[in-house]
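Data first, discussion second: the structure below is written as structure tokens.
Chain letters run A, B, ... following the sequence lines, proteins first and then strands; every chain starts at 1.
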Protein chains: 2
Amino acid sequence: MQDVSEKKASGSGLRERKKRATRAALTEAAVRLAAEHGAEHVTVEAISEAAGVSPRTFFNYFDSRDDAFVMVDAESGARVRRGVLEAPADLSPLEALREAMAAELAEIEQRHEVWDLHARVLSASPRLLARSLAAHLADELGLAEALAQRLGGPAATAAGSAPSTTEKERRRALDLYPRLLAAVGGTAVRVAVEHWCARQDRIAFTDVFRQVFEHLAAGLPAPSGESRRP
Amino acid sequence: MQDVSEKKASGSGLRERKKRATRAALTEAAVRLAAEHGAEHVTVEAISEAAGVSPRTFFNYFDSRDDAFVMVDAESGARVRRGVLEAPADLSPLEALREAMAAELAEIEQRHEVWDLHARVLSASPRLLARSLAAHLADELGLAEALAQRLGGPAATAAGSAPSTTEKERRRALDLYPRLLAAVGGTAVRVAVEHWCARQDRIAFTDVFRQVFEHLAAGLPAPSGESRRP
DNA sequence: AGGCAAAAATGCACGCTCTGTAAAAATTTA
DNA sequence: TAAATTTTTACAGAGCGTGCATTTTTGCCT
């Protein structure tokens, strides 16, 4: 079932290379123009002209104009998923998710030239920021499946086939928990980023990130000095 | 500074009543048409005609066509905020948020004729669902402020003016925590609703809702039978 | 009542987004 | 080089969203 001809491997064909180049040219032109003139003053015609293609071609690559500003990194979700699956086995699910997301954020930090522009464009337009959230939401289901695989795999081999409670209840819990964990993890990253961007003083993002996950692991108790009610 | 004339109270004027009636007619027409023909096949012209106004008037009430499907209840956020502030003082922040959101969900459940249609429209269109999320996101900041007020008010009066740690650190924690709590709370509700809608068997929504908040309060540990790592 | 000012609804015009469709150009394969 | 496949392009058209001037409705005053 493997490819007999080496030419069809990913990225070797001239056709595929041109397609990726066109897509990259479109996204870069879009982000660059948006950073300069504001996102809502950048038309599809302007983006296409800057990228050297026709306006109709734009819509062969993106379903909507806004996608050119949002779809900057399509493989981020897959990397986090792999990070969750490859995390050390002695980590709790929340810890594994934290480590995978921290690694991905460090990955992004490396090319902060493009990402800084992108962040500025998003923060200047609430509509695009919402759309970016929606894009991350699409990855949530896949992330939940990865977490479920990490949970279900070892648990099934260790516990065998003798559940103490009802089978349906266990499956319900197993179904709900990974989705909650994936959603809360994404929210945690968002809050950390927003809080870090809002502060003018230069605190390390790593500190905010760690603090957020400490709150979550502790069960979100009141952060005051003494705890009258544990 | 109080109103001398009673006529300017909220909702008493004929003008305000008519405006609300028009808005209600537009939203109801939009949701009803979308439930029947699919949201993307419902034009602004059709909605306006069903509501008995001109297409231009539609855009005097909504900034975009999608808002007619999303902006069903604009005061929901305010009710949750009040619920947080009026919750019993012996409840933890997470418990207060849970109670306020549970009360709001119970409120919504009362008119589940409209809300059921609305849910069906959203679940049939990922784009509208994302927009709905964005709408809830706008309330998040206000909710965070309400939570901060609930935390900061009593704490300031009880602790006086002698903080044990650095002042900046306390303010940072106090700033980050309410925003995280508000965001996670919204996410929790979303996951509970999605999980409840996805299941074909009729389990009580209250059970799912309570289960989600139990996960959060416990610090999101692995839900398996025995705990090898607390 | 009747008239006056503010607010809302409407009609019209215009630019932009997005989608078919079919023809032309480029790339791969034979 | 010629055929086959894919991509790009031009054209047409429906729908969205906005600005502006006009008309109708509402609230308030004498």
Side-chain angles (χ1 to χ4, degrees), chain A residues 3-27 29-30 33-34 37-71 125-128 130-131, chain B residues 3-27 29-30 33-34 37-71 125-128 130-131:
Chain A
D3 273 347
V4 184
S5 64
E6 304 161 90
K7 298 177 183 179
K8 288 207 172 180
S10 73
S12 56
L14 191 150
R15 202 167 243 161
E16 298 295 328
R17 228 183 311 149
K18 266 204 165 185
K19 272 180 74 173
R20 268 196 304 222
T22 306
R23 174 177 269 270
L26 282 170
T27 56
L33 287 173
H37 305 108
E40 49 265 19
H41 297 143
V42 178
T43 67
V44 172
E45 190 179 349
I47 300 171
S48 311
E49 182 171 340
V53 295
S54 83
R56 185 62 182 86
T57 300
F58 177 93
F59 290 104
N60 287 5
Y61 283 87
F62 300 100
D63 284 343
S64 79
R65 161 178 153 273
D66 295 348
D67 283 0
F69 305 120
V70 169
M71 299 278 196
S125 166
R127 181 164 125 276
L128 288 184
R131 208 178 171 89
Chain B
D3 273 347
V4 185
S5 64
E6 305 160 89
K7 298 177 182 179
K8 287 206 172 182
S10 71
S12 58
L14 191 149
R15 199 169 238 160
E16 298 296 327
R17 228 184 310 150
K18 265 206 164 184
K19 273 180 74 173
R20 268 195 306 219
T22 308
R23 175 177 269 270
L26 282 171
T27 55
L33 287 173
H37 305 107
E40 47 263 23
H41 296 145
V42 177
T43 67
V44 171
E45 190 181 349
I47 300 172
S48 310
E49 181 172 341
V53 295
S54 84
R56 186 62 183 84
T57 299
F58 177 93
F59 290 104
N60 286 7
Y61 283 88
F62 300 100
D63 284 342
S64 79
R65 161 179 152 274
D66 295 348
D67 283 359
F69 305 120
V70 170
M71 300 277 197
S125 166
R127 180 164 126 275
L128 288 184
R131 208 175 172 92

Is it true that the NZ or CZ of Arg65(A) lies under 6.0 Å from the centre of Phe59(A)'s six-membered ring and within 45 degrees of the ring axis? no
Can you measure Phe59(B) atom CZ to dT18(D) atom P for me and round it to whole angstrom units? 7 Å
Atom pair distance, as rounded to whole Å: CZ in Phe58(B) and C1' in dA8(C): 17 Å
For Thr43(A) and dC16(C), is the shortest distance between a side-chain N/O and OP1 or OP2 below 4.0 Å? no
Atom CZ of Phe62(B) and atom P of dG15(D) are separated, to the nearest Å, by 20 Å
Is the phosphate of dT25(D) approached by Lys18(B) (side-chain N or O, under 4.0 Å from OP1 or OP2)? no
Rounded distance in Å - NE2 (His41(A)) to C1' (dT17(C)): 16 Å
Which nucleotide sits closest to the side chain of Arg15(A): dT6(D), dA9(C), dG27(D)? dT6(D)
Once you round it to whole Å, what is the distance between C1' of dG17(D) and CZ of Arg127(A)? 11 Å
With respect to the phosphate group of dC16(D), does any side-chain polar atom (N or O) of Arg65(B) fall under 4.0 Å of OP1 or OP2? yes
Does the structure place the NZ or CZ of Arg127(B) under 6.0 Å from the centre of the six-membered ring of Phe69(B), at an angle of no more than 45° from the ring's axis? no
Expressed as a whole number of angstroms, how long is the span from Leu128(A):CG to dT17(C):P? 13 Å
Pairwise distance OG(Ser64(A)) to CZ(Arg131(A)) - rounded to 0.5 angstrom: 3.5 Å
Mark yes or no for a side-chain to base donor-acceptor pair under 3.5 Å between Arg56(B) and dT10(C), with no hydrogen or angle criteria applied. no
Is the shortest heavy-atom distance from the side chain of Phe62(B) to the side chain of Val44(B) under 4.5 Å? no
Tell me whether the side-chain N/O atoms of Ser54(B) come closer than 4.0 Å to OP1 or OP2 in dA9(C). no
If you count every heavy atom of other residues, nucleotides or ligands that lies below 6.0 Å from Glu45(B) atom CD, does the total exceed 12? no
Looking at Tyr61(B), does any N or O in its side chain come under 4.0 Å of the phosphate oxygens OP1/OP2 on dA9(C)? yes
Using atom CG of Asp67(A) as one end and atom P of dT17(C) as the other, report the distance to the nearest whole Å. 13 Å
Report which part of the nucleic acid Asn60(A) touches: base, sugar-phosphate, or nothing (heavy-atom distance under 4.0 Å, all strands). base
Whole-Å distance separating the CD atom of Glu49(A) from the P atom of dT9(D): 12 Å
